[in-house]
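The structure presented is a predicted model; accordingly, all values stated were derived computationally and were not measured.
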2 protein chains.
Amino acid sequence: MGASLKEIAERVGISAASVSIYLNNPDTNRVSAGTKDKIDKAAEELNYRRNLFASSLSRHVSKVIGIIIPTNIPLFQNVYTNMLLSGVQKCLAGEGYSLLFFPSSASTSKENVREQLRHSAGCDGYILFSTGFCPMDHILLNIRELQDTGKPFATLNVPKVPETINQVIIDDLESVRGLEFLLNAGHKKILMVLGRQHGEHMQLILSKYRLMLKEWGIPLDNDLVIFGNYSHEDTYLKVSRFLTSRRDITAICCMSDLMASSALAAVKSTGMTVPGDISIIGRNNSLYAVLADPPLTTIDLSISEAGFKAAQLLLDSLENPSISRNIILNGKLIERSSVNEN
Amino acid sequence: MGASLKEIAERVGISAASVSIYLNNPDTNRVSAGTKDKIDKAAEELNYRRNLFASSLSRHVSKVIGIIIPTNIPLFQNVYTNMLLSGVQKCLAGEGYSLLFFPSSASTSKENVREQLRHSAGCDGYILFSTGFCPMDHILLNIRELQDTGKPFATLNVPKVPETINQVIIDDLESVRGLEFLLNAGHKKILMVLGRQHGEHMQLILSKYRLMLKEWGIPLDNDLVIFGNYSHEDTYLKVSRFLTSRRDITAICCMSDLMASSALAAVKSTGMTVPGDISIIGRNNSLYAVLADPPLTTIDLSISEAGFKAAQLLLDSLENPSISRNIILNGKLIERSSVNEN
DNA sequence: TTGTAAGCGTTATCAG
DNA sequence: CTGATAACGCTTACAA
């Protein structure tokens with residue numbers, strides 16, 4: 001348990017340096033074949049495993065990427081974030097990198113990022129996730145914080161900022177692509193089911209939404225915008241409540257497939273049909289949209305691809321810290337069976 | 001960028017030791033109030049962040065837990081694993097621990113575990129996840145591998161093994177609880193939709209299944225067992241194909257809600273109704289079951305709770321390495337609207 | 001209240 | 001082919 005290079009070296013009767021060099025490069029000709037065998041045997045018997053921390057300290061390289069998620073709510077619960085993470089991990093693991101998730105316990109995104117970074121020196125780089133509900137000033141502070149580490153990093157799904165950094169952005173336009181589709185299908189009274197009201201993302205989407213209504217000459221009706229927290233319960237409740245007082249809408253445009261599925265359930269529970277009475281459109285092209293009955297028309301945002309690309313940007317930056325690129329991903333409308341012409 | 005304690009010390013004009021001690025314990029009376037201010041200022045200006053690797057090396061404690069998942073397929077894609085992870089992270093983050101995910105690229109679970117552990121020395125402990133498709137001999141080897149690290153660890157959702165280790169097990173009985181429910185409702189021709197055929201988990205479930213049929217005096221019909229890979233496409237295809245040749249079943253018992261949702265879609269596509277013509281039962285009590293139409297009767301396995309408990313076991317072991325406990329979690333049947341009496 | 005020095009396990013340099 | 005030795009950044013006696 002926890003045998004060190006030194007112990008192996010002692011047992012074999014050589015120096016720790018030789019053991020290290022051989023173990024890290026079995027083809028080395030520094031060590032004779034016989035010695036190699038002895039080292040292998042000793043390493044096996046003593047259950048040698050390289051100490052990540054000692055090795056990283058010495059090499060000035062850790063092959064560890066810090067994942068910075070500006071929140072302290074439990075991770076791995078959100079489909080969207082999981083898909084982003086999956087892409088990141090796929091790319092990074094392919095290149096032999098480990099992923100490190102830090103704990104934090106603050107109440108603001110700003111503090112959480114600070115806390116997660118506080119003891120993180122030694123990581124080769126970072127990926128900063130957006131939680132979607134950071135206001136812009138926090139986002140800028142978070143990025144500043146990352147810059148201060150002096151290590152390469154990439155931001156993922158963080159609203160576009162003027163700084164020259166590695167960014168993968170899911171185009172804001174895509175957020176209202178669903179709305180556009182509904183408008184083109186002739187819908188005019190459309191209920192918008194959005195995310196958390198005060199995040200920068202939602203502010204952007206909201207302004208696009210207003211702009212688009214204006215272009216189409218449709219008067220603004222603030223009752224037709226529902227903010228939520230992306231959960232099923234919340235969405236089901238709010239849409240249900242909405243439908244008790246108003247039945248004049250012909251379509252619902254949701255910011256996630258999950259929320260669209262919840263809206264679908266709420267509509268069905270009133271006895272109305274989809275897409276007969278009400279059309280519904282989702283976003284993400286997740287399994288929820290595929291499994292819904294009827295299957296939901298949605299926007300494929302290539303989420304896990306976004307994660308993969310952010311990791312690639314980071315890797316490039318690791319090789320050449322001076323480069324920094326922006327990638328903007330476009331969504332693709334996936335037409336299924338939840339939208340009718342109006 | 002990357003300022004060290006020494007640099008701070010130099011700037012303030014004191015020793016690195018004082019800086020270290022103060023930064024790790026702001027209440028120390030080793031350092032005068034004035035010096036504290038200077039250290040704070042210098043740390044701020046130089047963007048000091050503690051080097052995790054140096055610190056861990058020195059302390060012999062890293063506050064990092066290695067997550068060992070015996071596969072090299074992309075992580076964070078599987079709802080079940082994500083829920084387990086979520087529970088683990090929630091508990092561990094609460095105690096200030098970071099999570100480390102290692103890369104691996106082998107073709108067997110055995111090799112993947114070896115690879116993930118190879119450079120992992122320095123972690124305070126590990127959590128071993130089951131992927132559900134390891135055969136028993138691999139499982140035992142994996143556990144042996146963990147034991148050889150000499151560090152505390154807990155296994156999560158790994159079939160029960162005789163070794164005295166920290167284990168959180170989701171009771172095998174629960175796997176066939178759904179079947180039992182269907183039998184009690186009078187169903188006799190029941191299609192079983194299982195996971196990967198060669199994993200230890202499935203072998204256990206299979207034998208329970210056979211036993212139960214025997215108890216109920218129902219003849220074994222091997223065509224009524226479908227193995228799959230837990231994906232929607234696969235399940236939809238196999239259930240659809242099954243239904244083209246046979247319509248005599250009255251119920252489907254699935255090993256996951258996702259597969260149950262896929263089966264539901266397949267059944268509906270034939271024109272049959274659920275639960276009118278065919279009853280369906282799922283497993284996990286995930287959102288898929290809630291959102292399905294009709295909502296699916298399912299088994300709540302407290303998955304994220306299992307993850308949380310495994311982390312607790314590990315934490316206890318960290319305090320007192322000599323203890324080791326088994327926790328067996330029971331499932332709970334959640335009755336919704338996808339099962340009729342037959 | 002502070003400094004000095006040894007040590008954590010590994011790697012890299014240099015000399016042989 | 002191999003061994004010393006210094007260094008990585010931080011922590012912790014111990015000494016003052």
- Task: Would you mind reading off the distance between Arg49(B) atom CZ and dC8(D) atom C1', rounded to a whole angstrom?
- Result: 19 Å
- Query: Can you check the Leu23(A) CG to dA12(C) P distance for me, whole Å?
  - Reply: 13 Å
- Task: Please check if the side chain of Gln116(A) supplies one atom and the backbone of Ile69(A) the other of a donor-acceptor pair under 3.5 Å.
- Result: yes
- Message: Nearest 0.5 Å, please: how far is CD in Glu115(A) from CZ in Phe102(A)?
- Response: 12.0 Å
- Within less than 4.0 Å of OP1 or OP2 of dT11(D), is there a side-chain N or O belonging to Tyr22(B)? no
- Item | Any residue of residues 116-124 of chain A with a heavy atom less than 4.0 Å from an atom of DNA chain D | none
- Item | Gap between atoms CG and C1', on Leu52(B) and dC8(C) respectively (whole Å) | 14 Å
- Note on the structure: Between CD1 of Ile21(A) and P of dT13(C) the distance, given in whole Å, is 10 Å
- Task: Give the intermediate values and the outcome of ring-ring contact (aromatic ring centres under 6.0 Å, His included) for residues Phe53(A) and Phe53(B).
- Result: CA-CA 4 Å; Phe53(A) 302 97; Phe53(B) 301 96; 5.5 Å; yes
- Tell me: CZ of Phe53(B) to C1' of dC10(D), nearest whole Å? 14 Å
- Message: For Ser324(A) and Asn166(A): C-alpha separation, side-chain torsions, deciding distance, then whether side chain to side chain donor-acceptor pair (under 3.5 Å) applies.
- Response: CA-CA 5 Å; Ser324(A) 86; Asn166(A) 290 305; 5.0 Å; no
- Between Asn24(A) and dT11(C), is there a side-chain N or O to OP1/OP2 distance below 4.0 Å? yes
- Side-chain N or O of Ser32(B) less than 4.0 angstrom from OP1 or OP2 on dT2(C)? yes
- Message: If you compare every side-chain N and O of Ser18(A) against the phosphate oxygens of dG3(D) (OP1, OP2), does one of them come in below 4.0 Å?
- Response: yes
- Note on the structure: note: Lys36(A), atom NZ; dT2(D), atom C1'; distance rounded to Å ~ 14 Å
- Can a side chain N or O of Ser58(B) be found less than 4.0 Å away from OP1 or OP2 on dC8(C)? no
- Query: Where the side chain of Arg30(A) is defined as all heavy atoms beyond and including C-beta, which of dT11(D), dT13(C), dT10(C) is the nearest nucleotide?
  - Reply: dT13(C)
- Atom CG of Leu5(A) and atom P of dC8(D): how far apart are they, to the nearest Å? 19 Å
- 5'-most contact on DNA chain D: Ala17(B) or Leu57(B), nearest heavy atom basis? Leu57(B)
- Parallel, tilted or perpendicular: rings of Phe76(A) and Phe76(B) (30°, 60°): parallel
- Task: Would you tell me whether Ser120(A) and Tyr126(A) have side-chain atoms, one donor and one acceptor, within less than 3.5 Å of each other?
- Result: yes
- Thr35(B) vs dT2(C): side-chain N/O to OP1/OP2 distance below 4.0 Å: yes
- Look at Arg59(A) and dG9(C) and indicate whether a side-chain polar atom (N or O) is within less than 4.0 Å of OP1 or OP2. no
- Closest approach of Pro70(A) and Val113(A), non-hydrogen atoms and distance? CB-CG2, 3.7 Å
- Taking dT4(C), dG9(C), dC10(D) as options, the one with an atom nearest any side-chain atom of Ser15(B) is dT4(C)
- Closer than 4.0 Å, any side-chain N/O of Ser55(A) to the OP1 or OP2 of dT11(C)? yes
- When rounded to whole Å, the CD to C1' distance for the pair Glu10(B) and dG3(C) reads 14 Å
- Message: Main chain of Thr155(A), side chain of Gln167(A): is a donor-acceptor contact present, judged purely on distance under 3.5 Å?
- Response: no
- Given DNA chain C, 5'-ward residue of the pair Asn29(B) and Ala16(A), judged by closest heavy atom: Asn29(B)
- Note on the structure: Against the side chain of Ser20(A), the closest entry in dT11(C), dT11(D), dT10(C) is dT11(C)
- Message: Considering every strand and a 4.0 Å limit on heavy-atom distances, what is the contact class for Gly13(B): base, sugar-phosphate, or nothing?
- Response: sugar-phosphate
